[in-house]
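Down below is the structure, laid out as structure tokens.
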2 protein chains.
Amino acid sequence: MATAAPLRSRKAQIDRTATALFRARGFAATSMRELATELGLEAGSLYSHIKSKEEILHRVCFGLAEAFFAGFEAATAATSAPIATQLRQAIEAHVRVLTRDSAASAVFLHEWRHLSEPARSEFLALRDRYEAAFRSLIQRGIATAELHAPDAAFATLALLASLNWLPAWYRPDGKLTPDEIAHRLADQLLGGLLNERAAMSQ
Amino acid sequence: MATAAPLRSRKAQIDRTATALFRARGFAATSMRELATELGLEAGSLYSHIKSKEEILHRVCFGLAEAFFAGFEAATAATSAPIATQLRQAIEAHVRVLTRDSAASAVFLHEWRHLSEPARSEFLALRDRYEAAFRSLIQRGIATAELHAPDAAFATLALLASLNWLPAWYRPDGKLTPDEIAHRLADQLLGGLLNERAAMSQ
DNA sequence: TATACTTCCTAACGCTCGTTAGCAAAAAAA
DNA sequence: TTTTTTTGCTAACGAGCGTTAGGAAGTATA
């Protein structure tokens with residue numbers, strides 16, 4: 001019944017469309033009938049491809065978690081590099097994931113609470129691990145005097161906060177490219193953390 | 001039928017309880033029956049005090065908007081003060097509103113999309129005005145060379161982003177008082193904006 | 001005491017929800 | 001060509017939703 005060669009599998013199409021709806025209306029306020037209409041289907045037909053509404057949310061949330069971890073690990077793979085450099089690259093990697101799919105990012109950031117147990121707890125554990133990785137990096141930077149902050153945990157939260165607000169205002173057709181945004185954000189956020197001497201080399 | 005003197009009006013109790021539920025589960029996923037149970041009532045009884053579910057959301061969102069504006073205007077009333085000082089006080093005022101009622105703040109930040117028109121547009125207009133007020137302050141700071149940033153709009157978004165993530169991690173029983181948090185956040189966020197010379201006087 | 005107001009109840013309304021069962025047609029594989 | 005897989009339909013299920021009508025009991029006011 002499919003007309004031409006589908007660019008992506010039907011399942012992937014459902015995920016993409018659902019992600020956009022979840023972002024715009026929220027998970028709970030998005031109905032399967034709405035999603036089906038958006039895809040030109042009837043509600044029941046969705047279940048030939050997916051198991052449940054929550055399954056979609058699960059895939060989106062855990063898929064993005066994987067992307068964030070992959071970005072961080074690539075950014076900090078060069079363990080001999082200056083901490084400030086690693087942190088800058090981790091920030092830019094984080095921004096790149098956020099901008100590559102800002103709808104999925106918004107869902108990742110706000111809709112995870114609609115996961116039921118045990119997925120919800122698993123998700124939060126992942127998020128904590130990610131946050132801890134950033135914190136550890138900043139702590140090491142403070143220890144080596146490359147960075148300067150009164151409280152590493154506090155600085156980490158403020159840093160991730162700035163980054164994670166991005167999907168709320170980022171527009172793919174805006175005047176700044178994702179890379180420019182990443183660079184500027186890193187500049188501004190590292191500005192408050194860098195030690196004056198180290199700042200010269202950045 | 002009321003037992004003792006109610007500390008607050010029933011309506012206010014409903015608002016408070018609903019706010020907590022809206023924050024925890026989201027507006028759409030919170031049912032009136034759930035809210036009623038939390039208050040020891042039946043669902044229908046709520047409607048002796050309120051007109052609709054959305055009316056509660058409306059009150060929370062617009063009430064907080066008012067609080068934010070009041071804080072900003074008080075912080076910037078001394079127009080002859082250095083821009084950096086005004087900005088610091090505006091930041092601290094914002095944080096104080098966020099910490100005074102972090103549940104309502106979280107609802108204000110995330111649940112406004114469930115307002116129906118025209119309330120939704122009115123809300124967004126208010127939010128834009130508030131953001132513009134911050135941006136204007138920063139722009140003037142750049143113009144007088146008190147502040148330093150490549151792009152005022154960008155700096156404003158990053159600044160408010162850091163602040164608005166606060167309700168996500170703030171705990172009233174944490175080790176930092178609201179004032180300490182406000183002060184530290186202001187320190188860290190102004191750090192990236194202050195010109196080096198002006199920084200001495202801060 | 002009579003009157004009004006506040007507060008809450010029970011019962012039900014029309015509606016939408018996520019999901020399932022059973023079937024059918026097209027596409028792909030054999 | 002036969003078989004299997006993919007994709008989609010219609011119809012309906014049980015449940016929960018926000019909300020309302022109408023009544024009753026307690027409290028305050030006159």
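Throughout, protein chains are lettered first and strands after them, A, B, ... in sequence-line order, and every chain is numbered starting at 1.
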Rounded distance (Å) that lies between atom C1' of D/dT6 and atom CG of A/Leu46: 15 Å
Would you call the rings of B/Tyr130 and B/Phe72 parallel, tilted or perpendicular, taking 30° and 60° as the class edges? perpendicular
Cationic tip of A/Arg127 within the cone over A/Trp112's six-membered ring, i.e. under 6.0 Å and within 45° of the normal? yes
Quickly work out the B/Glu55 CD to D/dG18 C1' distance and round it to whole Å. 14 Å
What integer distance in Å separates B/Ile50:CD1 from C/dT6:C1'? 16 Å
Using heavy-atom distances to pick each residue's nearest nucleotide on DNA chain C, tell me which of A/Glu34 and A/Lys51 is more 5'. A/Glu34
Given the side-chain rings of A/Phe62 and A/Phe108, with only the six-membered ring counted for Trp, is the space between their centroids under 6.0 Å? no
Starting at CE of A/Met32 and ending at P of D/dC9, how long is that distance when rounded to a whole Å? 14 Å
Does B/Tyr47 place a side-chain N or O at less than 4.0 Å from the phosphate oxygens OP1/OP2 of D/dT19? yes
So which nucleotide from C/dC9, C/dT19, D/dC9 ends up closest to the side chain of B/Ser45? C/dC9
Quick one: which of C/dG18, D/dT10, D/dG18 gets closest to the side chain of B/Lys53? D/dG18
Below the 4.0 Å mark, does C/dT19 have OP1 or OP2 next to a side-chain nitrogen or oxygen of A/Arg33? no
Under a 4.0 Å N-O cut-off, is there an ion pair linking B/Arg184 with B/Glu180? no
Between D/dT7 (C1') and A/Ile14 (CD1): distance, integer Å: 10 Å
Side-chain N or O of A/His49 less than 4.0 angstrom from OP1 or OP2 on D/dT7? yes
Think B/Ser31 has a side-chain N or O under 4.0 angstrom from the OP1 or OP2 of D/dC17? yes
Quick one: B/Lys11 NZ to C/dC5 P, roughly how many Å, whole number? 17 Å
For A/His58 and C/dG18, give me the distance from atom NE2 to atom P, rounded to whole Å. 19 Å
Do the non-hydrogen side-chain atoms of A/Pro82 and A/Glu146 ever get within less than 4.5 Å of each other? yes
Would you say a side-chain N or O of B/Ser48 is under 4.0 Å from OP1 or OP2 of C/dT7? no
Considering only heavy side-chain atoms of A/Leu41, the closest of D/dT7, D/dC9, D/dT19 is D/dC9
Tell me the interatomic distance from A/Leu35, atom CG, to C/dC17, atom P, rounded to whole angstroms. 12 Å
